[in-house]
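Scroll down for the structure; my scribbles are underneath it.
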Amino acid sequence: MEINFSPDQQGPQGQMACFGFGVKPQRLLYDLSPSTVPLPLSRKYGEFAPRLPFEELRAAVLSLGHTVELEETSRDMHRYRVSESVARIDVVLDPDPYGSGPTDPDGHQVGDVWSISLW
């Protein structure tokens with residue numbers, strides 16, 4: 001999870017204001033350090049999978065009565081918007097968009113959620 005603050009935006013009592021946060025599931029694939037998933041979360045939810053398939057997330061969002069709409073496409077990502085929210089979901093479209101070599105079969109795959117942003 002990332003939380004973003006800006007010194008240019010004033011919050012309560014003159015402190016920096018939070019302008020957004022996001023969840024970065026792409027880090028679960030390669031960052032195997034114990035701090036990647038805080039201990040209280042792994043105790044409560046068990047081991048986290050190294051990747052999050054978009055279709056699983058989409059099904060969960062739909063089951064809550066929201067829709068997921070394609071917002072834009074870039075060379076390597078699809079960006080989806082969740083209805084009635086500021087949530088954006090970035091999904092891998094091309095794991096090797098710049099043709100740097102054969103894709104890693106254990107690496108990111110088409111359809112993996114890269115990030116979920118709220119701002």
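Keep in mind that what you see is a predicted model, and the values were worked out from it rather than measured. Note that these values count all heavy atoms, side chains included, but never hydrogens, waters or copies made by symmetry.
When all heavy atoms of Pro25 and Ser115 are compared, the closest pair comes out as CD-CA, 3.9 Å. Arg51 and Pro53 get closest at one heavy-atom pair: O-CD, 3.7 Å.
Using a 4.5 Å cut-off between side-chain heavy atoms of Ile, Leu, Val, Met, Phe, Trp and Tyr, with links allowed through other members, Phe21 and Val86 fall into the same hydrophobic cluster. Under the 4.5 Å side-chain heavy-atom criterion for grouping Ile, Leu, Val, Met, Phe, Trp and Tyr, Ile116 is connected to Val82 within one hydrophobic cluster. In the hydrophobic clustering of ILVMFWY residues, with side-chain heavy atoms under 4.5 Å counting as a link, Leu52 and Val37 come out apart.
Within a 6.0 Å radius of CD in Glu69, other residues, nucleotides and ligands contribute more than 12 heavy atoms.
Distance alone, capped at 3.5 Å, is enough to place a donor-acceptor pair between the Gln109 side chain and the Gly107 backbone. Without hydrogens or angle criteria, His108 side chain to Pro95 main chain gives no donor-acceptor distance under 3.5 Å.
Between Tyr80 and Phe54, the ring planes lie parallel to each other; the angle is under 30°, not in the 30° to 60° tilted range.
Atom CZ of Arg81 is separated from atom CG of Leu70 by 11.0 Å, given to the nearest 0.5 angstrom. Put simply, CG on Leu93 and CH2 on Trp114 are 13.0 Å apart, with the number rounded to the nearest 0.5 Å. Distance check, rounded to the nearest 0.5 Å: CG of Asp90 to NZ of Lys24 gives 7.5 Å. The NE2 atom of His66 sits 6.0 Å away from the OG atom of Ser83 when rounded to the nearest 0.5 Å. Remark: Asp112 CG to Glu55 CD distance equals 11.5 Å, nearest 0.5 Å. One finds the CD1 atom of Ile89 at 9.5 Å from the CG atom of Leu118 (value rounded to the nearest 0.5 Å).
Between Val91 and Met77 there is no side-chain heavy-atom pair separated by less than 4.5 Å. Taking the side chain as every heavy atom from C-beta outward, Val68 and Leu57 never approach each other to under 4.5 Å. Using a 4.5 Å heavy-atom cutoff, the side chains of Leu41 and Phe48 are in contact.
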